[in-house]
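Notes follow the structure.
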Amino acid sequence: MDGIDLSRILMTFDENVMKKIVLERIMISKEQVAKTESEIRFHEHLRRYAAVRRFCYGKVLDFASGCGYGSHILSSNPDVDLVIGVDKDADAINWAEKEFNGVKNQFKCVDIESVHEKFDTLVSLEAIEHFEDKTLIPRLADRCGIDHIVISYPNKKSTHFNPYHVHDFNAQTILDMMSEYVCYHSFVMGDVQFLLFLRKPLKAPSSIFSNIIDLKG
């Protein structure tokens, strides 16, 4: 077999076999798994804010805004005049002010119960499950005159593995909480449920909205 390099052929064959093995059985360390999962969760948070951005308008309250990246995403909607991110974590707010403060973004380190100014839109993404008081969101919306609310929450049981979650919600629980509002849109992203609400007109009889879910179907 003059001219044929058998050793090179065998080496190429071995390399191809190894590639096939690696492709079918991912060789990854615990550290890589943890890092990748963390990156996926972060990207999902960005996607959630990007998904609700189009529903925001006017002066927006980003409740439990954390480090501010979500408020920044919301503010890129031309229909939004200003986003105020509120969180009681001083370190998070300091970071937000350093990285995202701008013409359309402000951040405040305050308890949510002290917020009383007028807003057009309230955004609360994966926050309500962290608070014992289930009336927090409707009371906040009432005292701030908010007519439009965007809420998201885990649509699965999470209290058994997340020590910071104190409630497991379902859609009916949220609808019952938001009795002064009409749920006009809902959607799911992964294991997170989104519900969008508009305040009911004061003079409208309740019967108009009693079958809103059936009407949407």
Side-chain angles (χ1 to χ4, degrees), residues 47-65 70-71 73-87 104 106 108 110-156 158 165-217:
R47 288 181 60 235
R48 290 166 196 162
Y49 270 100
V52 303
R53 169 176 49 194
R54 65 191 176 102
F55 298 108
C56 297
Y57 62 89
K59 186 178 177 183
V60 179
L61 173 59
D62 184 13
F63 169 47
S65 58
S71 300
I73 291 172
L74 298 179
S75 69
S76 65
N77 180 347
D79 294 325
V80 170
D81 300 322
L82 175 67
V83 180
I84 296 182
V86 171
D87 202 291
K104 294 176 67 174
Q106 296 177 12
K108 298 182 179 182
V110 295
D111 186 279
I112 196 63
E113 297 291 358
S114 67
V115 177
H116 289 81
E117 59 188 287
K118 178 75 173 72
F119 290 92
D120 300 298
T121 305
L122 168 62
V123 175
S124 173
L125 301 191
E126 286 92 274
I128 57 173
E129 65 272 12
H130 292 261
F131 294 86
E132 287 283 358
D133 185 1
K134 293 182 179 181
T135 70
L136 189 149
I137 294 296
R139 288 191 298 103
L140 172 64
D142 185 59
R143 69 174 179 269
C144 293
I146 301 171
D147 293 327
H148 184 225
I149 301 175
V150 180
I151 295 175
S152 73
Y153 59 92
N155 62 2
K156 64 179 183 181
S158 62
H165 290 186
V166 296
H167 293 295
D168 292 311
F169 287 106
N170 57 45
Q172 189 58 56
T173 306
I174 305 296
L175 292 171
D176 291 343
M177 284 168 43
M178 307 300 298
S179 59
E180 298 302 313
Y181 290 78
V182 176
C183 181
Y184 72 91
H185 185 47
S186 65
F187 62 96
V188 174
M189 292 180 66
D191 57 4
V192 174
Q193 173 74 55
F194 293 77
L195 298 176
L196 284 74
F197 294 90
L198 285 171
R199 188 186 294 274
K200 295 176 182 177
L202 292 177
K203 293 185 178 180
S206 59
S207 58
I208 291 178
F209 308 108
S210 60
N211 278 333
I212 191 70
I213 301 299
D214 295 337
L215 292 173
K216 285 169 66 177

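Just so you know, residue 1 is the first one in the sequence shown, and it goes up from there.
- Legend: residues meeting side chain to side chain contact (heavy atoms under 4.5 Å, CB included) with Asp147, ordered by chain and number and at least two apart, are Arg199.
- Enclosure of atom CD in Glu113 by more than 12 non-hydrogen atoms of other residues, nucleotides or ligands within 6.0 angstrom is indicated.
- Ser152 and Arg48 are not linked by any side-chain donor-acceptor pair at a separation below 3.5 angstrom, with hydrogens and angles left out of the test.
- Taking all atoms of both residues into account, the shortest heavy-atom contact from Ala127 to Ala64 is CB-CB, 3.9 Å.
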Task: Derivation of the ring-ring contact (aromatic ring centres under 6.0 Å, His included) call for His185 and Phe55 - done: CA-CA 10 Å; His185 185 47; Phe55 298 108; 5.6 Å; yes
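- Remark: Asp79 pairs with Tyr57, Asn77 by the side chain to side chain contact (heavy atoms under 4.5 Å, CB included) rule, at least two apart or across chains.
- When only modelled atom types and interatomic distance are considered, Thr173 and Asn170 share a side-chain donor-acceptor pair under 3.5 Å.
- Of the possible polar contacts, one joining the Lys118 side chain to the Gly145 backbone as a donor-acceptor pair under 3.5 Å is found.
- A donor-acceptor pair under 3.5 Å links the side-chain atoms of Lys200 to the main chain of Ser179, judged by distance alone.
- Considering all non-hydrogen atoms of both residues, Cys56 and Val123 come closest at SG-CG2, 3.6 Å.
- For the residue pair Val80 and Ser75, the shortest heavy atom distance occurs at CG1-CA, 4.2 Å.
- Atom-to-atom distance recorded for Leu61:CG and Ser71:OG is 9.0 Å, nearest 0.5 angstrom.
- Here the CE atom belonging to Met178 is positioned 11.0 Å from the CG atom belonging to Leu196, to the nearest 0.5 angstrom.
- Residues Leu175 and Met177 have side chains not in contact (no heavy-atom distance under 4.5 Å, counting atoms from C-beta outward).
- At least one side-chain heavy atom of Val52 sits less than 4.5 Å from a side-chain heavy atom of Leu74.
- A donor-acceptor pair is defined here as one N or O able to donate and one able to accept, closer than 3.5 Å; no such pair exists between the side chain of Lys104 and the backbone of Leu82.
- In this structure, Phe194 CZ and Cys183 SG are separated by 13.0 Å, a value rounded to the nearest 0.5 Å.
- The minimum heavy-atom distance between Ser124 and Phe63, with the atom names listed, is OG-CD2, 3.5 Å.
- Judged by distance alone, with hydrogens and angles left aside, the side-chain atoms of Gln193 form a donor-acceptor pair with the main-chain N or O of Phe187 at under 3.5 Å.
- Between Ile146 and Thr121 there is no side-chain heavy-atom pair separated by less than 4.5 Å.
- Looking at residues two or more places apart in sequence or on another chain, you find a side-chain hydrogen bond (donor to acceptor under 3.5 Å, both in side chains) between Thr135 and Asp133, Arg139.
- The residues Arg143 and Glu117 are annotated as not salt-bridged, no charged nitrogen and carboxylate oxygen being separated by less than 4.0 angstrom.
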